[in-house]
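Report on one structure; see the data block that follows.
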2 protein chains.
Amino acid sequence: MATSKLDEIDRHILSELQSDGRMTNVALAEKVGISAPPCLRRVRALEDAGYIKGYHADVDARELGFEVQVFAMVGLNSQAESDLAAFEQRCRDWSLVRECHMLNGEIDFILKCVAPDLSSFQSFLTGQLLTARNVASVKTSLVIRVAKDDPGVPFDVLEARLAKTA
Amino acid sequence: MATSKLDEIDRHILSELQSDGRMTNVALAEKVGISAPPCLRRVRALEDAGYIKGYHADVDARELGFEVQVFAMVGLNSQAESDLAAFEQRCRDWSLVRECHMLNGEIDFILKCVAPDLSSFQSFLTGQLLTARNVASVKTSLVIRVAKDDPGVPFDVLEARLAKTA
DNA sequence: GGTGAAACTTGGGACAG
DNA sequence: CTGTCCCAAGTTTCACC
């Protein structure tokens with residue numbers, strides 16, 4: 001497993017940076033119980049190895065005027081790899097689409113979209129998504145409210161798992 | 001609109017911090033074209049006003065050993081507010097569940113879940129989610145691959161919108 | 001993994017437009 | 001009220017053990 005390369009301190013670093021990405025290196029070093037220079041070396045190594053893909057401020061979409069969040073379930077006519085890739089590329093080009101996941105089962109893709117209001121989402125839906133080549137069906141569901149929206153992964157699950165195999 | 005309190009520099013700051021949350025204040029100040037002290041004051045004000053909810057390292061779930069991502073569509077028996085709230089609280093307590101969104105339409109909730117492997121997800125599904133009080137139906141879809149997973153909001157949409165009304 | 005030291009960043013105070 | 005200049009305290013990031 002890929003985690004076997006990481007020791008407990010590395011996992012602790014990832015966990016802390018996931019919950020507070022702007023923590024200073026000295027505060028992080030203190031939390032994980034080592035001094036600052038080796039802590040920074042570990043962080044750089046985790047970044048270089050791809051365990052940390054980036055750092056992002058978590059901005060409040062609603063406060064910023066994005067009142068509408070929508071999940072769109074998309075079915076395609078052709079599931080040939082080149083057609084799947086073409087649809088994925090189109091999703092990357094649409095900035096309203098924040099996430100695009102290919103799924104198993106009857107739905108081919110689920111898209112998480114964000115828009116300033118319903119009418120601008122509707123114009124995206126009818127003008128872009130529904131008319132895109134190869135799109136067979138789109139079912140949309142408006143988000144009424146968000147009960148939980150945690151970034152990243154549950155480190156407690158990882159630790160529980162490692163404790164079992166140890 | 002809530003964005004009217006923000007000027008172009010504030011939006012630029014949010015946009016930069018969304019794409020790189022660990023940028024130093026001097027680098028940020030240079031990017032948005034003001035000097036460091038007022039830039040820092042703006043960042044603090046944006047944090048205090050709730051536009052910035054936090055900062056997070058974006059860790060690679062698969063590299064860390066979370067091989068399985070699943071979307072679960074959940075239907076409840078009762079949609080009374082107290083029953084909805086009870087289910088949402090249960091989702092917050094399950095660390096495998098990273099996101100829980102209440103939707104309109106036939107599905108009541110969509111959950112984004114992450115797990116180390118299929119069997120640990122299955123044991124969560126059968127042991128926790130399906131047996132939870134008030135849960136009527138659960139349809140799950142495995143994520144085959146992720147074509148796009150951008151955090152936050154599309155600032156280009158916001159700018160286009162503001163340009164129109166200006 | 002730790003230590004010390006140099007360069008840089010942060011974040012405050014005083015002040016101008 | 002927002003920006004600029006400056007400075008002390010704290011932080012990052014070397015080279016070396």
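Just so we're on the same page: letters track the sequence lines, and every chain starts at 1. Values in this document were obtained by computation on a predicted structure and should not be read as measured data.
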May I have the distance from [X] (atom [atom1]) to [N] (atom [atom2]), rounded to whole angstrom?
| X | N | atom1 | atom2 | result |
| --- | --- | --- | --- | --- |
| A:R44 | D:dC14 | CZ | C1' | 13 Å |
| A:N25 | D:dT12 | CG | P | 5 Å |
| A:I34 | C:dG1 | CD1 | C1' | 8 Å |
| B:M23 | C:dT10 | CE | P | 11 Å |

From C-beta outward on [X], which listed nucleotide comes closest to its side chain: [options]?
| X | options | answer |
| --- | --- | --- |
| A:P38 | D:dT13, C:dG1, D:dG3 | C:dG1 |
| B:T24 | C:dT9, D:dT4, D:dT13 | C:dT9 |
| B:I9 | D:dG3, C:dT10, D:dT13 | D:dG3 |
| B:L40 | C:dG11, D:dG3, D:dT11 | C:dG11 |
| A:V26 | D:dT12, C:dT10, D:dT4 | D:dT12 |

Is there a donor N/O on one and an acceptor N/O on the other, under 3.5 Å, for the side chain of B:R41 and the base of C:dG12? no
Angle between ring planes, A:F124 versus A:W94, binned at 30° and 60°: parallel, tilted or perpendicular? perpendicular
Is the closest side-chain heavy-atom distance between B:C91 and B:L111 below 4.5 Å? yes
Side-chain N or O of A:S35 versus OP1/OP2 of C:dG1: is the shortest distance under 4.0 Å? no
Does A:R42 make a side-chain N or O approach to OP1 or OP2 of C:dG1 shorter than 4.0 Å? yes
Does the side chain of A:D83 come under 3.5 Å of the side chain of A:Q79 through a donor N or O and an acceptor N or O? no
Which residue lies more 5' along DNA chain C, comparing A:P37 with A:R22 via nearest heavy atoms: A:P37
Mark yes or no for whether B:R90, through its side chain, and B:R133, through its backbone, hold a donor-acceptor pair below 3.5 Å. yes
